[in-house]
Amino acid sequence: MGGWAIAVHGGAGVDPNLPLERQEQAKQLLTRCLNLGISALRSNLPAIDVVELVVRELETDPFFNSGRGSALTEKGTVEMEASIMDGPKRRCGAVSGLTTVKNPISLARLVMEKSPHSYLAFSGAEDFARQQGVEVVDNEYFITKENVGMLKLAKEAKTILFDYRIPTAGLETCSAGVDSPIVMNGLPISVYAPETVGCVVVDSQGRCAAATSTGGLMNKMTGRIGDSPLIGAGTYACDLCGVSCTGEGEAIIRGTLAREVAAVMEYKGLGLQEAVDFVIKQRLDEGQAGLIAVSRNGEVACGFNTTGMFRGCATEDGFMEVGIWE
């Protein structure tokens with residue numbers, strides 16, 4: 001075993017004209033979350049505890065699209081989803097359609113540990129949350145003024161907006177203000193830049209874990225479920241590795257992207273970065289996405305075929321990196 005390693009992401013598909021101020025804010029948040037995870041790993045917390053801790057921090061901060069600050073549905077409400085997976089025994093928990101649970105990732109872990117199931121959604125997940133005594137808030141807590149404005153923009157454009165963080169002022173300099181050839185399942189969209197959050201960790205015992213959380217797409221149909229809560233698609237962990245994906249959810253689902261990284265490591269004998277590169281190049285079916293991964297040997301890797309991906313990683317030997325672009 002090569003020691004602990006951690007990686008975190010805040011979404012793939014960054015608009016190339018993202019203001020420098022927002023780039024710096026993103027890097028500061030990623031650095032804070034990395035340092036939180038590093039401190040926990042140095043205190044010998046198991047990987048599953050660390051991924052939950054880090055993703056909770058990301059859900060609490062409104063900068064990215066999870067928890068507070070989640071994208072809004074076509075009805076102006078928030079429907080959140082999350083999943084978590086513990087590699088050693090491939091235990092997992094997932095939730096969708098949450099409207100009042102303050103930290104979806106923690107409810108996903110409770111589904112894994114306190115229920116006989118792996119996945120709960122909508123009213124059933126909300127009922128379970130209250131049974132477990134998790135913190136709940138009004139749906140308005142998750143809604144930011146910025147997102148209300150971006151939903152209005154999306155409705156006016158009659159489309160799904162992915163990069164809901166692009167300011168409404170100065171659209172002539174942003175990709176939101178121009179036609180885009182990008183499509184999802186054959187339907188044109190104007191912007192591509194989802195900002196799902198995720199964390200993957202291997203601890204000093206070689207145990208891998210992964211967690212992913214999101215608010216989905218701006219102006220999405222109510223009831224839409226993406227890749228983030230789907231084990232094997234947006235999230236996967238086993239004795240070999242832990243993986244969290246972000247990007248075009250429908251493409252990630254079609255490619256079972258997270259599981260595919262583990263599969264090519266197991267069946268093709270590829271190393272972690274080789275496996276990540278192979279999956280990004282060969283399994284995305286022209287979709288746009290990215291992922292972060294760790295291996296039981298203490299390796300960390302990331303890959304994306306988008307303009308950029310909000311990401312950070314660190315290893316026990318002192319390596320640490322936070323970036324957005326290639």
Side-chain angles (χ1 to χ4, degrees), residues 6-11 21-41 43 45 47-73 77-84 93-112 125-126 128-130 132-148 150 164-165 194-201 209-216 218 226 228-229 234-235 244 246 292 310-314 322:
I6 179 173
V8 60
H9 73 70
E21 180 182 0
R22 291 205 66 83
Q23 293 183 39
E24 187 58 32
Q25 290 173 341
K27 289 179 180 179
Q28 289 176 2
L29 176 54
L30 292 169
T31 300
R32 188 174 86 227
C33 290
L34 268 183
N35 284 330
L36 181 67
I38 290 169
S39 178
L41 285 163
S43 298
L45 261 66
I48 191 69
D49 288 348
V50 180
V51 294
E52 180 188 9
L53 179 69
V54 171
V55 172
R56 279 180 64 95
E57 183 74 11
L58 288 162
E59 289 174 338
T60 302
D61 192 297
F63 189 89
F64 291 126
N65 175 18
S66 65
R68 186 164 184 265
S70 285
L72 305 181
T73 70
T77 58
V78 166
E79 290 181 355
M80 300 166 290
E81 48 197 27
S83 63
I84 192 168
V95 289
S96 283
L98 299 182
T99 58
T100 67
V101 176
K102 189 173 183 181
N103 289 108
I105 197 64
S106 292
L107 186 62
R109 184 170 182 182
L110 286 170
V111 170
M112 177 179 76
E126 293 280 344
F128 179 70
R130 283 157 177 78
Q132 294 298 314
V134 303
E135 186 174 2
V136 296
V137 292
D138 292 337
N139 197 248
E140 286 74 17
Y141 162 83
F142 305 102
I143 299 173
T144 64
K145 181 180 179 181
E146 184 177 41
N147 284 355
V148 171
M150 291 310 296
Y164 61 94
R165 289 292 187 259
E195 294 181 359
T196 296
V197 305
C199 180
V200 292
V201 166
T212 312
S213 181
T214 190
M218 184 65 71
S228 297
T235 305
S244 176
T246 177
I292 53 173
F310 296 109
R311 65 197 188 277
C313 57
V322 173

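Any value given below was found using the heavy atoms of this structure, including those in side chains, with hydrogens, waters and symmetry copies removed. Quick caveat, the model's predicted, so the values are computed rather than measured. One is the number of the first residue; the rest follow in order along the sequence.
In this structure, R22 and Q25 have side chains that are in contact, with non-hydrogen atoms separated by less than 4.5 Å. A heavy-atom distance below 4.5 Å is not found between the side chains of V137 and R68. Between L72 and V148, some side-chain heavy-atom pair lies under the 4.5 Å cut-off. Looking at heavy atoms from C-beta onward, L30 lies out of side-chain contact with L34 at the 4.5 angstrom threshold. Here the side chains of V322 and Q28 are not in contact, with every heavy-atom distance at 4.5 Å or above. Side-chain contact between C313 and I292 is absent, with no heavy atoms from C-beta onward closer than 4.5 Å. By the 4.5 Å heavy-atom criterion applied to side chains, R32 and L29 are counted as neighbours. Within the 4.5 Å cutoff, the side chain of V8 has no heavy atoms near those of the V197 side chain.
Rounding to the nearest 0.5 Å gives a distance of 12.0 Å between OG of S43 and CD1 of I38. Rounded to the nearest 0.5 angstrom, Q132 CD and L107 CG are separated by 8.0 Å. Between atom CE of residue M150 and atom OG1 of residue T144 there is a gap of 10.5 Å, rounded to the nearest 0.5 Å. Atom CZ of F142 is separated from atom OG1 of T99 by 7.5 Å, given to the nearest 0.5 angstrom.
Classification of the F63-F310 ring pair by plane angle, with boundaries at 30° and 60°, yields perpendicular.
The only option from I6, L36, D49 that meets the side chain to side chain contact (heavy atoms under 4.5 Å, CB included) definition with L41 turns out to be I6. Partner of E135 under the salt bridge (Lys or Arg N to Asp or Glu O under 4.0 Å) criterion, chosen from K102, R56, R130: K102.
Every residue two or more places apart in sequence or in another chain that forms a side chain to side chain contact (heavy atoms under 4.5 Å, CB included) with T73 is listed here: K75, T77, E79, K220, T222.
Here the side chain of E81 pairs no donor or acceptor atom with the backbone of S228 at under 3.5 angstrom. A side-chain donor-acceptor contact under 3.5 Å links H9 to the backbone of T196. Between the side chain of N103 and the backbone N or O of G67, no donor-acceptor pair lies under 3.5 Å. The backbone N or O of I105 lies less than 3.5 Å from no partner atom in the side chain of R109, so there is not a single donor-acceptor pair. Although no hydrogens or angles enter the test, the distance criterion places a donor-acceptor pair under 3.5 Å between the side chain of N65 and the main chain of A71. Here the side chain of T31 pairs a donor or acceptor atom with the backbone of K27 at under 3.5 angstrom.
For the residue pair S66 and S213, no side-chain donor N or O sits within less than 3.5 Å of a side-chain acceptor on the partner.
Residues A125 and V95 share a closest heavy-atom pair of CB-CG1, 4.5 Å. Closest non-hydrogen pair, G234 versus T212, comes out as O-OG1, 3.5 Å. Taking both residues in full, the closest heavy atoms of A108 and S83 are given as CB-CA, 4.1 Å, listed atom of the first, atom of the second, then distance. Annotation for A94 and P229: closest pair CB-O, 3.1 Å, computed over non-hydrogen atoms. Residues G10 and F64 share a closest heavy-atom pair of O-CD2, 3.3 Å. Counting all heavy atoms, side chain and backbone alike, A211 lies closest to V55 at CB-CG2, 3.8 Å.
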Residue pair T235, I84: steps toward the side-chain contact (heavy atoms from CB on, under 4.5 Å) verdict: CA-CA 7 Å; T235 305; I84 192 168; over 6 Å; no
